[in-house]
Amino acid sequence: MGSEASDELDEVADELYSLVPDEFIAERNRQEKQAKAAGNPDLAAAIHGLPKPNIVGWLANQLARQHAEEIAPLIDIGAAMREATRELSMEQLRDLTAKQRQVVNALVQQAKVIASAAEKTVSEENRRGLEATLHAALADEQAAHLLLAGRLTGALRRSGFGDEEAALIAPAPPSRRPKLRLVPSTGSDAETPSDPAARRNAAALARAEEILSEAMAQAETVGAELEAARGEFAAAQQGEESARDNVDRLRAELEDALDAQRLAEREARRRQTQLERQELATRQARRALEKAVQARDDLAGD
């Protein structure tokens, strides 16, 4: 594919990955047909090969497009954390970890606002995927470039230090890549020592940095899950208390209803006794009347 076609593909990809996932396929098909009609089958095939992003990829792309300046501090923090790790500055690491948590949480909230505006919801699984993507960008500059290019199809996940499991579709040319404010790192970019022992020490230090970075990311994830579990437990407790209150209210209403039933039954029995007495009195009065009529008739006949 020539440079002109590559530029056209780049423009199409930028447009497609700015859309909500529900609109992606229809617009990709339209762009593919348009390229075919223009007599450019190679471009049409390349457009057809652009994968639809999932919700996590879409949210990450929108953050990169709408909040790139808020992602840049996260990348700076990652570089500073690597430097603090090399210097074994635990106090600085604690401060940077707190800042990292604030930035990640703020970006996740921004993503929820973006999703709400598009009438989408961010599930717990999608939230974790987005956080993993942000942590990957924090840990590795290449992942940061992938994120800020705004063309992810899914979450970035670290399988090792600097090794990401997501591809940037149709990478933007260098002139269009997002500019990053990266704190220059030292140590890992230094010249490789020639002494075997020094090389072993450097390798061991790099591995220790990798383990520490992964442990901090895991601790952050576990901490977030703990907070979520605490929130769910508090909600469950509140639900239990509400249900207990409802049971108590319904039990009191049942007792009141039973009392009313007993009163109504006693009143019905009293009214029944009164009715029976009235019926007896009525029969007695009717018999007395009949006797009086008979007596009058007898006297009239004499």
What do the steps show when you test Ser242 against Asp245 for side chain to side chain donor-acceptor pair (under 3.5 Å), and what is the final call? CA-CA 5 Å; Ser242 177; Asp245 291 342; 5.9 Å; no
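- With contacts defined as side-chain heavy-atom distances shorter than 4.5 Å, the pair Leu250/Glu253 qualifies.
- A 4.5 Å side-chain heavy-atom check between Leu148 and Ile75 finds at least one atom pair inside the cut-off.
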Mind running side chain to side chain donor-acceptor pair (under 3.5 Å) on Gln62 and His67 for me, showing each step along the way? CA-CA 8 Å; Gln62 303 321 301; His67 300 282; over 6 Å; no
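- Considering only heavy atoms from C-beta on, Thr153 stays 4.5 Å or farther from Lys52 through its side chain.
- Note on Leu63: it clusters hydrophobically with Leu147, by side-chain heavy-atom contacts below 4.5 Å among ILVMFWY residues.
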Steps toward side chain to side chain contact (heavy atoms under 4.5 Å, CB included) verdict (Ile77, Leu138): CA-CA 7 Å; Ile77 291 171; Leu138 177 145; 4.3 Å; yes
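- Considering only heavy atoms from C-beta on, Asn246 comes within 4.5 Å of Arg249 through its side chain.
- Screening Gln92, Lys99, Gln100 against Met81 for a side-chain contact (heavy atoms from CB on, under 4.5 Å) leaves a single residue, Gln100.
- Closest heavy-atom contact between Gly57 and Pro53: C-CB, 4.4 Å.
- Val108 and Val56 fall into different hydrophobic clusters, defined by Ile, Leu, Val, Met, Phe, Trp and Tyr side-chain heavy atoms under 4.5 Å apart, directly or through other members.
- No side-chain donor from either of Glu241 and Gln237 sits under 3.5 Å from a side-chain acceptor of the other.
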Please assess Gln31 against Glu15 for the test side chain to side chain donor-acceptor pair (under 3.5 Å), listing each intermediate value before the final yes or no. CA-CA 10 Å; Gln31 295 280 3; Glu15 180 179 351; 3.2 Å; yes
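- Between Ala111 and Leu59, the shortest heavy-atom distance links the atoms O-CD2, 3.6 Å.
- When each of Arg28, Lys36, Arg30 is checked for a salt bridge (charged side-chain N to carboxylate O under 4.0 Å, His left out) with Glu32, only Lys36 meets the rule.
- In this structure, Ser123 OG and Arg128 CZ are separated by 8.0 Å, a value rounded to the nearest 0.5 Å.
- Using a 4.5 Å cut-off on side-chain heavy atoms (C-beta onward), Arg127 and Leu130 make no contact.
- Under a 4.5 Å side-chain heavy-atom cut-off, the cluster of Ile, Leu, Val, Met, Phe, Trp and Tyr residues that includes Val293 is completed by Leu289.
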CA sep, side-chain torsions, deciding dist, call: Val103, Glu70, side chain to side chain contact (heavy atoms under 4.5 Å, CB included): CA-CA 8 Å; Val103 174; Glu70 297 172 48; over 6 Å; no
Could you walk me through whether Ile55 and Val122 satisfy the side chain to side chain contact (heavy atoms under 4.5 Å, CB included) test, starting with their C-alpha distance in whole Å, then the side-chain angles of each, then the deciding distance to 0.1 Å, before giving a yes or no? CA-CA 8 Å; Ile55 292 297; Val122 180; 5.7 Å; no
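- With 3.5 Å as the limit, one finds no donor-acceptor pair spanning the side chains of Asn105 and Gln109.
- When all heavy atoms are compared, the tightest approach of Gly129 to Ala155 is O-CB, 3.6 Å.
- Residue Glu27 holds its CD atom at 9.5 Å from CD1 of Ile47, rounded to the nearest 0.5 Å.
- Under a hydrophobic clustering in which Ile, Leu, Val, Met, Phe, Trp and Tyr are joined whenever their side-chain heavy atoms come within less than 4.5 Å, directly or via other members, Leu146 and Leu107 fall into the same cluster.
- At most 12 heavy atoms of other shown residues, nucleotides or ligands fall within 6.0 angstrom of atom CD in Glu125.
- A 4.5 Å side-chain heavy-atom check between Trp58 and Ile114 finds at least one atom pair inside the cut-off.
- Identified under the side-chain hydrogen bond (donor to acceptor under 3.5 Å, both in side chains) test for residues 272-291, with sequence neighbours left out: Arg271-Gln274.
- Between Arg262 and Glu265 there is no salt bridge, since none of the side-chain N atoms of the basic residue sits less than 4.0 Å from a carboxylate O of the acidic one.
- When side chains are defined from C-beta on, Asp14 counts as touching Asp10, because their heavy atoms get closer than 4.5 Å.
- Between Ala143 and Ala136, the shortest heavy-atom distance links the atoms CB-O, 3.4 Å.
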Evaluate Leu50 against Tyr17 for side chain to side chain contact (heavy atoms under 4.5 Å, CB included), listing each step before the verdict. CA-CA 9 Å; Leu50 295 174; Tyr17 289 104; 3.8 Å; yes
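- No side-chain donor-acceptor contact under 3.5 Å links Asn40 to the backbone of Ala35.
- No donor-acceptor pair under 3.5 Å is formed between the side chain of His48 and the backbone N or O of Ala44.
- Tracing side-chain contacts under 4.5 Å through hydrophobic residues (I, L, V, M, F, W, Y), one never reaches Leu19 starting from Val113; they form parts of separate clusters.
- One finds the CD1 atom of Ile71 at 11.5 Å from the CZ atom of Arg65 (value rounded to the nearest 0.5 Å).
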